[in-house]
Undergrad: 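Got a structure for you, written out below as structure tokens; questions coming shortly.
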Amino acid sequence: MNVPDFLSYLGTFVFAITGAMKARTHKMDIIGGLVLAFVTAYGGGTLRDLLIGIRPVNWVNDPVPLGFVVTATTLTFLLRDNLLLFRRFIFYTDAIGLGLFTAAGMEVSFRHGLIPTYALVMGVISATFGGLVADVLSNTVPSILKKGEFYVTACVLGGACYLVLRYFDLPNDLMLLVCVVVVVASRIISKRNSLHLPEI
């Protein structure tokens, strides 16, 4: 398994946990948990593949990611008494998922011949669209629309670093790792320091 595929699998599992925990905070049943876990884990990558023209989309005929969704939902159900821990942990799993899917989404885009600008767009879509749909389904204001949230911005910063590093003679795996770290760090630092973009 290469690094981009590993990032994609890990991102799927992390986002599945995030989706299942969102369902738990909204007191959904286990089916609702499966739905939110699935949407959060698959939504962004599915839209990216449809826009790029990848057929079939990334998760079709691959049982491993689906197993991640079931596992994440089951763990959330079994550990449901630790709701306070989940609420604290959900931010960090979401931040990690953003980084992983930004890097994986951009790498997939480059594999299919996209120019850097649209590879960055696809990386952002891969990272954010699933969470957006999950928030809508759970009747929550999507994180990408909340004032003061470095959500898309964090993805753009990490993706931009990846694009800059491509002009240097560096291993691709290292560039992907830097992208993930920048996204996660930007998300956490902005939250802790209440950083936000100016109002429109």
Side-chain angles (χ1 to χ4, degrees), residues 6-48 58-59 62-105 123-155 158 180-196:
F6 174 77
L7 293 178
S8 181
Y9 278 139
L10 183 58
T12 298
F13 182 65
V14 171
F15 263 169
I17 292 175
T18 301
M21 288 193 293
K22 284 182 181 180
R24 177 68 188 114
T25 60
H26 290 280
K27 301 185 184 301
M28 297 181 181
D29 61 20
I30 195 167
I31 297 300
L34 285 168
V35 170
L36 285 197
F38 184 90
V39 168
T40 306
Y42 287 118
T46 298
L47 179 59
R48 176 202 66 221
N58 63 89
W59 52 270
D62 186 357
V64 175
L66 186 60
F68 290 157
V69 170
V70 174
T71 300
T73 306
T74 302
L75 287 174
T76 304
F77 173 75
L78 293 175
L79 301 175
R80 61 186 182 277
D81 292 334
N82 294 317
L83 182 57
L84 180 59
L85 176 62
F86 280 166
R87 285 175 174 170
R88 291 175 178 175
F89 194 60
I90 191 171
F91 170 77
Y92 293 100
T93 60
D94 189 59
I96 294 169
L98 282 178
L100 293 169
F101 268 144
T102 299
V124 173
I125 287 175
S126 299
T128 62
F129 189 79
L132 184 152
V133 175
D135 285 338
V136 171
L137 291 177
S138 59
N139 198 29
T140 304
V141 177
S143 296
I144 66 173
L145 301 180
K146 290 180 181 177
K147 177 184 176 182
E149 292 289 340
F150 261 49
Y151 204 76
V152 170
T153 307
C155 299
V180 174
V181 170
V182 171
V183 173
V184 176
S186 299
R187 183 82 175 108
I188 294 174
I189 292 171
S190 65
K191 189 72 171 181
R192 290 183 175 178
N193 293 278
S194 300
L195 302 178
H196 59 84

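Just so you know, these numbers come straight off a predicted model, no measurement behind them.
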Undergrad: Show the nearest heavy-atom pair for residues Val70 and Leu34, with the distance to one decimal.
TA: CA-CD2, 4.1 Å
Undergrad: Looking only at heavy atoms, which two atoms of Gly105 and Ser126 are closest? And how far apart?
TA: CA-OG, 3.6 Å
Undergrad: Just how far is it from atom OG1 of Thr18 to atom OH of Tyr92, taken to the nearest 0.5 Å?
TA: 13.5 Å
Undergrad: State the CG-CD1 distance between Leu36 and Ile31, to the nearest 0.5 angstrom.
TA: 12.0 Å
Undergrad: Looking at Asp135, is its backbone amide N or carbonyl O close enough to the side chain of Ser138 to form a donor-acceptor pair, meaning the two atoms are under 3.5 Å apart?
TA: yes
Undergrad: Rounded to the nearest 0.5 Å, how far apart are OG1 of Thr93 and CE of Met21?
TA: 3.5 Å
Undergrad: Which atom pair, heavy atoms only, marks the closest approach of Ile125 to Arg48?
TA: CG2-N, 4.3 Å
Undergrad: Within the structure provided, determine whether Ile17 and Leu75 are in side-chain contact (heavy-atom separation under 4.5 Å).
TA: no
Undergrad: In a check of ring-ring contact (aromatic ring centres under 6.0 Å, His included) between Phe13 and each of Phe68, Phe101, Phe6, which one passes?
TA: Phe68
Undergrad: Over 60° means perpendicular and under 30° means parallel, so classify the ring planes of Tyr42 and Trp59, tilted if in between.
TA: tilted
Undergrad: Quick check: closest heavy atoms across Leu98 and Ala127, and the distance to 0.1 Å?
TA: CD2-O, 3.3 Å
Undergrad: Between atom CD1 of Ile189 and atom CZ of Phe150, what is the distance when rounded to the nearest 0.5 Å?
TA: 10.5 Å
Undergrad: Going through the distances and angles, do Val124 and Phe129 end up as a side-chain contact (heavy atoms from CB on, under 4.5 Å)?
TA: CA-CA 8 Å; Val124 173; Phe129 189 79; over 6 Å; no
Undergrad: Identify which one of Val180, Val181, Val182 satisfies the side chain to side chain contact (heavy atoms under 4.5 Å, CB included) criterion when paired with Val184.
TA: Val180
Undergrad: Ignoring hydrogens, what is the shortest heavy-atom contact between Ala103 and Leu7? Give both atom names and the distance.
TA: CB-CD1, 4.1 Å
Undergrad: Do you know the tightest heavy-atom contact between Val183 and Cys155?
TA: CG2-CA, 4.0 Å
Undergrad: Would the number of heavy atoms belonging to other residues, nucleotides or ligands and lying under 6.0 Å from CG of Asn139 be above 12?
TA: no
Undergrad: Name all residues meeting the ring pair (Phe, Tyr, Trp, His ring centres under 6.0 Å) criterion together with Tyr151; count only those two or more places apart in sequence or in a different chain, and write none if there are none.
TA: none
Undergrad: Between Thr140 and His26, is the side-chain contact (heavy atoms from CB on, under 4.5 Å) condition met? List the steps.
TA: CA-CA 10 Å; Thr140 304; His26 290 280; 3.1 Å; yes
Undergrad: Measure the shortest side-chain to side-chain distance between Val35 and Met28 over non-hydrogen atoms and say whether it is less than 4.5 angstrom.
TA: no
